[in-house]
Amino acid sequence: MSALHLSKDRAALLAITDTGHWLRATPVWRDGQLVALEQAVMAPVQAAGGRSLQSSGHGDIEAMAFGQNGAYLADESYGSTVFFAPHVPGSLAAPAQPFKRRAALKKLPTGRGIEALAYMERDGLAPQLLAIAERNPESGTGFIPAWLLPATPDSADLQALRYEPTPGFDVSDATFSKSCGLFVLERKLNWLGFFEMRLKLIPSSSIKAGSSLKGLTLLATDSWTSHVDNMEGVSVIDSPDGSCEIFMLSDDNYLPIQSTNLLQFRLSKIDSDYFQSNE
């Protein structure tokens, strides 16, 4: 699984694979904790003309963001292409529509393109997508390119910014919360063969064209005993009290030595002073 979304009403889980398939399931909750999934269904992401997205050459989907009317997908098969799949209740068959290609995204290396996609609704602004590459395509280190895109497939607008990761880490996903800000998930395969993970938080006010995004570390794991594997997906649900529930999903890459884990955390209500006092 390469990306994750839980609905605001906690009634549905949607994930996607890097082979171009949806996973939809019903979460089972006990005392506020996600304990199981039921009624799981998988289906190929459809393209126009009745073909699957995979058969059309765009099956390497590494990022997903869910907006008001459907899902935004980022494919890394040839550079990077963003698609929009409209939400149809009870169906996974709605064809995905490609966004207009942007030259900056086309130049990203195959398999090393957009790895994180977040849908953002902010006061006074039209809905936007924030796309972040997996790593710096030129040096592999340092700042990672990122872009702001209008959340409409027929627009070719693109605004550049950049993200500063933990040294040695790649970006693997991102999600946006009106209450808490932007969560960015990072991962690293260390020299012992174990995965490390960082979860960063960036205030919404910092996300603008030309800016350099540097997150506050909320969670850092370095040990194989922490149930952290190849963490690829992150989703957030805003609670009425201003707190955020965060869910993270790992991808086993179809390998027996890896596992698919779904983790749940809660972040209490925060304000702008929290970022200043923890810089």
Side-chain angles (χ1 to χ4, degrees), residues 1-16 22-41 63-74 85-87 89-90 92 115-123 125 127-130 132 151 171-186 197-205 207 215-219 221 227-228 231-251 260-272 274-275:
M1 299 298 168
S2 56
L4 173 69
H5 171 74
L6 277 93
S7 62
K8 294 179 181 180
D9 61 4
R10 300 159 64 97
L13 177 146
L14 188 68
I16 202 156
W22 299 108
L23 168 67
R24 185 183 65 201
T26 300
V28 178
W29 305 92
R30 184 181 302 143
D31 298 326
Q33 302 298 309
L34 200 165
V35 296
L37 298 175
E38 294 181 340
Q39 301 173 325
V41 177
M64 173 178 67
F66 210 87
Q68 290 182 347
N69 302 310
Y72 300 85
L73 312 173
H87 174 60
L92 295 175
E115 193 76 17
L117 199 60
Y119 177 85
M120 302 189 300
E121 287 185 330
R122 297 183 287 175
D123 292 341
L125 296 173
Q128 291 178 302
L129 297 174
L130 173 64
I132 310 176
V171 168
S172 60
D173 202 9
T175 189
F176 182 76
S177 157
K178 287 185 177 180
S179 299
C180 295
L182 178 73
F183 295 92
V184 181
L185 186 61
E186 301 176 355
M197 181 265 287
R198 298 289 185 271
L199 182 65
K200 301 287 191 68
L201 180 61
I202 297 170
S204 173
S205 59
I207 308 169
L216 175 70
T217 301
L218 297 177
L219 183 62
T221 63
H227 298 289
V228 165
M231 307 308 295
E232 288 243 11
V234 61
S235 181
V236 62
I237 298 176
D238 289 341
S239 299
D241 64 358
S243 64
C244 297
E245 287 187 88
I246 306 155
F247 303 85
M248 289 180 279
L249 181 69
S250 65
D251 180 15
T260 299
N261 299 324
L262 181 56
L263 310 179
Q264 178 181 359
F265 299 90
R266 182 178 181 272
L267 178 66
S268 299
K269 183 178 179 180
I270 60 174
D271 54 35
S272 58
Y274 182 82
F275 292 96

For a quick test of reading the model, state the closest non-hydrogen atom pair linking Leu182 to Ala174 and the distance between them.
CD1-CB, 4.2 Å
For Tyr119, run the side chain to side chain contact (heavy atoms under 4.5 Å, CB included) check against Tyr72, Phe176, Phe66 and tell me which one passes.
Tyr72
In Å and rounded to the nearest 0.5 Å, what is the CG to OG distance from Leu4 to Ser250?
10.5 Å
Please step through side-chain contact (heavy atoms from CB on, under 4.5 Å) for the pair Gln68 and His87, ending with a clear verdict.
CA-CA 9 Å; Gln68 290 182 347; His87 174 60; over 6 Å; no
At their closest point, which heavy atom of Gly215 faces which heavy atom of Lys200, and how far apart are they?
O-CD, 3.8 Å
So, taking the atom named CG in Leu263 and the one named CG in Leu199, what distance separates them when rounded to the nearest 0.5 Å?
10.5 Å
How long is the gap from CG on Leu267 to CG on Asp238, to the nearest 0.5 Å?
10.5 Å
Under the 3.5 angstrom rule, does the side chain of Asp173 hit a backbone N or O of Val234 as a donor-acceptor pair?
yes
Where is the tightest heavy-atom contact between Leu185 and Gly233, given as atom of each residue plus distance?
CD2-O, 3.7 Å
How close do Ala65 and Leu129 get, counting heavy atoms only, and between which atoms?
CB-CD2, 4.5 Å
Heavy-atom closest pair, residues Cys244 and Ser177
SG-OG, 3.2 Å
So CD1 of Ile16 and NE2 of His5: to nearest 0.5 Å the spacing works out to 12.5 Å
Is the closest side-chain donor-acceptor distance between Ser2 and Asp251 under 3.5 Å?
no
Give, for atom CG of Leu14 and atom CE of Met1, the distance between the pair rounded to the nearest 0.5 Å.
10.0 Å
Backbone of Asp241 reached by a side-chain donor or acceptor of Ser239 within 3.5 Å
no
Side-chain donor-acceptor pair under 3.5 Å between Arg266 and Ser243, yes or no?
yes
Residues that Glu245 engages under side-chain hydrogen bond (donor to acceptor under 3.5 Å, both in side chains), provided they are two or more places apart
Arg10, Gln264
Trp22 side, atom CH2; Leu73 side, atom CG - distance, nearest 0.5 Å:
4.5 Å
Under the side-chain contact (heavy atoms from CB on, under 4.5 Å) criterion, do Ile207 and Gln128 qualify, and how do the steps go?
CA-CA 11 Å; Ile207 308 169; Gln128 291 178 302; over 6 Å; no
Any donor-acceptor pair under 3.5 Å from Ser235 side chain to Phe247 backbone:
no
Which heavy atom of Cys180 sits nearest to which heavy atom of Gly242, and what is that distance?
SG-O, 4.1 Å
What residue pairs, at least two apart or across chains, pass side chain to side chain donor-acceptor pair (under 3.5 Å) with a residue in residues 25-35?
Thr26-Gln39
